[in-house]
Undergrad: 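Okay, here's the structure, questions in a sec.
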Amino acid sequence: SGASSMVARVAGLEHIPQVSPSSTSSKLSDDEEYFSRVIPTDDGRGYVGAMVAMLRGFGWNRVNILTTDTAYAKDFANEFRRLWLVREQGEDGEIWEGEIAYTNTILLDAQNMASNDSINQVLAGVPTSDPNINSKIILLLAHSQHAYTILEAAARKNFQPDTIWVGSESWTGSVPDTTDWMPPFPGYLGLAPYRNKNEDYQDFLFRLKQYQADNNMEVWESLIDHRVSFLVDSIVSLAKALSQVRDRRDGDAVTSVLRNLTFGGVSGEVSFTAEGDRQNPVFTVLNLQKAENGTIIWKDVAETGVDPGSVTFGEDEICFAAVGCLLGKVPSDKYPVPETPVNHQTQLWAIILLPIVIILLIVFAYRYWRAKQKKKALKSSITTMQLKMNIDDQLDDLNNEIEAAKRRKENLISERFRLQQKPETWTETDKTLIEILPNESEYWDIFEKLRLDMPDAHISKVWRVQNTSLWTYYSFHKDRFASMGIDAQERSVWHGTSNLDPEVIYNDKQDGFMMQFSQSGFWGRGIYFAERASYSHMYAYKPPVRRRSFYKSDLSLIDERSTAAKEDERELLLTKFLVGSDILMNRDESPSKKEECRKLTVPPVNPATNLKYNTVTGESAGSKIWVVYENGRAYPEYLVRYYRSPLPDTQRTPYKNRTEANVVQDVTQVDTNSVDSPTFVWEFLDNTGWKSYSTAAQTILEDSYQAYKEKTGDNKAVIKTESWTYEINFLAPMIQTNLDHFNHTQRKVRRHKI
């Protein structure tokens with residue numbers, strides 16, 4: 001998928017269609033317009049959806065989940081949970097609700113193998129002693145080199161012998177080198193890409209094996225992993241599309257025809273969705289069995305799609321652990337709950353004691369009734385009017401205290417806001433979101449920052465966030481740093497909210513960015529911010545086409561962002577962030593350092609001050625990352641809605657740049673004392689000597705350099721020409737890197753006084 005993503009991005013610029021037989025990443029169909037595939041995706045539209053449909057087809061609704069500490073396993077598990085943990089009514093009127101009895105992660109050792117200690121610890125945590133919650137089904141999400149290590153460890157320690165192990169296509173279909181440890185009926189279940197059994201396919205296999213035998217070659221009993229069928233169908237689909245257009249160089253026409261194809265392929269019926277994904281993919285359900293000659297084989301026992309109810313069972317028996325091979329019968333996913341045994345001796349005592357207990361209860365009830373009567377007679381001596389007056393007085397006092405406390409709180413917030421520095425860009429309004437239009441310089445400042453490393457990004461809308469409460473809280477933390485003598489190192493950084501609607505952050509009246517919504521990442525559970533918009537794009541929020549406010553109970557908070565968004569649009573927050581004292585933690589330094597970073601819940605202690613650092617920093621995917629483990633240290637300054645395309649949509653982005661929009665860059669901040677200051681020129685060294693940058697590049701470099709010196713910007717600047725994109729690093733020695741050149745060529749740079 002990584003290679004396809006890079007090819008698709010380059011090919012998309014030239015409108016070149018691409019058909020992949022093997023790339024399963026769901027992000028490709030979301031981001032690449034000219035990318036199509038015949039292999040199913042790795043999310044709910046493909047493999048994960050088929051896994052849920054298969055389990056439900058067996059009549060199961062409770063599973064255990066074991067994953068290895070890999071990105072593939074974790075992503076699969078997260079998507080599975082999203083589809084599995086639902087409650088819905090079937091066509092028969094019955095309610096189906098998915099349950100997860102237990103879930104845990106098996107760690108890998110320094111040799112990238114499954115750790116035996118971690119395997120034993122995770123298996124020990126399965127609730128085998130409690131049939132009320134345990135399940136016979138264990139979904140094992142791991143690569144084959146890890147999966148069979150785990151299965152062998154479980155078998156050798158006789159762990160829950162009737163467990164039905166279910167796997168993804170990453171290990172089902174393969175057989176380990178040694179199988180002597182397997183039980184008589186392994187009964188493993190799994191998914192595989194569709195295994196075609198039609199006559200043409202079988203005839204091709206027959207002729208292939210005959211050719212291999214005649215030429216003294218290794219004879220294949222089946223095509224390796226059955227993936228050749230996807231390769232064949234990807235070639236055929238592209239050929240069919242090319243044959244139906246007049247100009248084969250017209251990538252848009254070829255893509256349009258391709259998306260409307262339907263034909264019987266080697267991998268089943270081939271058709272595509274509007275995004276280029278495989279339409280209605282079919283999978284084969286495999287069952288690990290022992291053949292009559294004692295060999296271990298994966299047998300095709302059923303087929304399934306991605307929708308519940310799409311499982312079709314074959315005529316072969318299915319083997320299950322500790323049960324054997326059954327035809328038309330499936331074991332339950334749950335263990336029977338034993339009935340509580342009857343203790344006859346206890347029953348005898350109960351018969352003897354019951355009359356005594358009844359008599360005592362009658363006595364106590366009578367005495368209680370007498371006491372109540374006395375209290376009632378006593379209370380009747382107090383008049384109803386006196387009671388009401390007393391209660392009313394207390395209620396009035398409480399209401400006055402509550403109102404006074406509210407007024408004091410509002411006054412304190414207003415006073416704090418009045419005393420602190422208010423952003424110069426704010427306008428006088430009661431709204432939280434204020435749209436910034438293309439005729440404002442502020443719009444183009446954000447536009448240019450977004451495109452520094454995403455040149456194909458275009459802004460649909462951008463809003464300034466004016467939340468007085470959040471700004472007051474943020475300013476409080478900024479003042480706190482100053483009072484402690486800590487350099488706040490205020491940055492302008494990007495943040496993607498993934499599946500969380502950004503309005504939960506910008507409409508909040510207390511914290512904004514909250515640890516309660518954070519998830520565990522490379523540097524533990526914290527709130528992550530990025531230098532590059534391209535990194536945060538991976539976590540950008542996809543606004544729904546039809547949107548209702550999260551705060552639907554408060555009509556005053558429903559804003560213009562509630563209008564419909566386009567399918568290709570995403571949203572990021574451009575955020576003010578207080579770094580404070582920070583520590584760089586390189587997780588790639590060693591396996592132990594990677595594990596230390598993964599377990600972080602607070603920053604480590606600074607040995608120079610014996611106080612914790614405020615922020616942890618690192619590098620990931622070419623971007624600098626900041627991680628904070630407390631609320632209030634960031635303010636959502638702007639909400640940016642954008643889309644990615646080689647060319648802008650003039651309906652959403654009417655101007656390509658500030659020049660077209662007739663917006664002059666703000667020069668009101670010019671230093672009036674700079675008349676006599678020296679002038680500097682930026683130069684790069686090529687084969688003939690030092691050469692000056694263009695006038696536009698000079699301005700960008702000098703402004704970025706001054707921001708870096710004042711610690712309000714990064715140590716890098718990006719400039720673009722018609723042919724190339726260059727990155728200039730201000731750290732000595734200054735270096736220019738060609739980001740578009742395949743060798744990333746570099747030249748020396750200097751800032752020369754003239």
Side-chain angles (χ1 to χ4, degrees), residues 2 5-13 27-28 30-33 443-460 462 491-498 522 528-541 568-577 617-626 637-648 653 656-658 693 696-697 699-701 703-705 707-708 712-731 734-747 749:
S5 179
M6 291 186 285
V7 171
R9 187 159 298 180
V10 175
L13 296 174
K27 294 181 179 179
L28 282 163
D30 293 335
D31 299 337
E32 307 301 341
E33 181 179 356
Y443 176 99
W444 294 103
D445 293 341
I446 300 167
F447 179 88
E448 290 160 2
K449 185 174 180 63
L450 178 70
R451 288 170 61 94
L452 279 176
D453 63 312
M454 285 202 305
D456 61 342
H458 308 279
I459 287 181
S460 299
V462 60
R491 305 280 188 183
S492 180
V493 293
W494 296 98
H495 179 82
T497 62
S498 297
F522 287 156
Y528 286 62
F529 300 93
E531 172 187 49
R532 292 178 175 267
S534 58
Y535 180 89
S536 295
H537 172 70
M538 296 186 290
Y539 306 95
Y541 176 71
D568 61 344
E569 291 181 338
R570 301 292 184 272
E571 290 180 347
L572 288 176
L573 288 170
L574 182 56
T575 303
K576 281 186 175 294
F577 174 60
T617 66
E619 293 279 344
S620 180
S623 176
K624 188 171 184 179
I625 306 298
W626 292 271
E637 190 175 16
Y638 298 101
L639 175 66
V640 183
R641 180 178 290 178
Y642 66 98
Y643 60 96
R644 300 185 72 171
S645 172
L647 297 174
T653 312
K656 294 180 180 178
N657 49 51
R658 68 169 72 233
Y693 286 91
T699 302
I700 294 173
L701 289 172
D703 290 346
S704 300
Y705 180 76
Y708 161 65
T712 59
D714 201 354
N715 62 334
K716 298 175 183 177
V718 176
I719 57 176
K720 301 178 183 293
T721 67
E722 293 182 357
S723 304
W724 305 103
T725 301
Y726 299 98
E727 181 186 82
I728 290 80
N729 193 323
F730 299 135
L731 298 178
M734 294 187 186
I735 294 295
Q736 166 190 288
T737 302
N738 189 331
L739 300 180
D740 295 337
H741 196 280
F742 69 95
N743 278 335
H744 282 194
T745 55
Q746 293 185 331
R747 299 184 187 276
V749 175

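Since the model is a prediction, treat every value here as computed from it, not as a measurement.
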Undergrad: With distance as the sole test, does T653 use its side chain to make a donor-acceptor pair with the main-chain N or O of I459 at under 3.5 Å?
TA: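 Checked: pair present.
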Undergrad: If we check side chain to side chain contact (heavy atoms under 4.5 Å, CB included) with S492, which of these qualifies: L574, T575, I446?
TA: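 The single option meeting the side chain to side chain contact (heavy atoms under 4.5 Å, CB included) with S492 is L574.
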Undergrad: Taking atom CD of Q746 and atom OG1 of T737, what is their separation to the nearest 0.5 Å?
TA: 4.0 Å
Undergrad: Rounded at 0.5 Å granularity, tell me how far NZ in K624 sits from CZ in R491.
TA: 5.5 Å
Undergrad: Assess the residue pair Y705 and M734 against the criterion (side-chain contact (heavy atoms from CB on, under 4.5 Å)); give the C-alpha distance rounded to whole Å, side-chain angles, the decisive distance to 0.1 Å, and a yes or no.
TA: CA-CA 11 Å; Y705 180 76; M734 294 187 186; 3.7 Å; yes
Undergrad: At what distance, to the nearest 0.5 angstrom, does CH2 of W494 lie from OG of S534?
TA: 10.5 Å
Undergrad: What are the two closest non-hydrogen atoms of A533 and L572, and how far apart are they?
TA: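 Residues A533 and L572, closest heavy atoms: O-CD1, 4.0 Å.
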Undergrad: Just by distance, do the side chain of S645 and the backbone of L647 share a donor-acceptor pair under 3.5 Å?
TA: yes
Undergrad: Apply side-chain contact (heavy atoms from CB on, under 4.5 Å) to the pair Y693 and I728, showing each step before the final yes or no.
TA: CA-CA 12 Å; Y693 286 91; I728 290 80; 3.9 Å; yes
Undergrad: Please check: side-chain N/O of T712 versus main-chain N/O of A707, any donor-acceptor pairing under 3.5 Å?
TA: yes
Undergrad: What distance do D453 atom CG and E727 atom CD have between them, rounded to the nearest 0.5 Å?
TA: 9.5 Å
Undergrad: Where do A717 and F730 come nearest, in terms of heavy atoms and distance?
TA: CB-CZ, 3.7 Å
Undergrad: What is the minimum heavy-atom distance between H744 and L739, and which atoms define it?
TA: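 Reported closest heavy-atom pair: NE2-O, 3.3 Å.
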Undergrad: Tell me the closest heavy-atom pair linking L452 and K720, and the distance in Å.
TA: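 So the two residues come closest at O-NZ, 3.8 Å.
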Undergrad: Please test K656 against H458 for side-chain contact (heavy atoms from CB on, under 4.5 Å), starting from the C-alpha separation and ending with a verdict.
TA: CA-CA 9 Å; K656 294 180 180 178; H458 308 279; over 6 Å; no
Undergrad: Would you give the length of the straight line joining atom OG1 of T725 to atom CG of N738, rounded to the nearest 0.5 angstrom?
TA: 7.5 Å
Undergrad: Test your reading of the model: is there a side-chain donor-acceptor pair from R570 to the backbone of Y642, 3.5 Å cut-off?
TA: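 No, the answer is negative, given that no donor and acceptor are paired below the 3.5 Å cut-off.
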Undergrad: Grab the two heavy atoms, one from F529 and one from V493, that are nearest each other, plus how far apart they are.
TA: CB-CG2, 3.7 Å
Undergrad: Treating N729 as the side-chain partner and I735 as the backbone partner, does any N or O pair qualify as donor plus acceptor under 3.5 Å?
TA: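 No.
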Undergrad: For S460 and E569, which heavy atoms make the closest approach, and how far apart are they?
TA: OG-OE2, 2.7 Å
Undergrad: How many angstroms lie between OH in Y541 and NE2 in H495, if you round to the nearest 0.5 Å?
TA: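 So the OH of Y541 and the NE2 of H495 are separated by 13.0 Å.
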Undergrad: Angle between ring planes, Y443 versus F447, binned at 30° and 60°: parallel, tilted or perpendicular?
TA: parallel
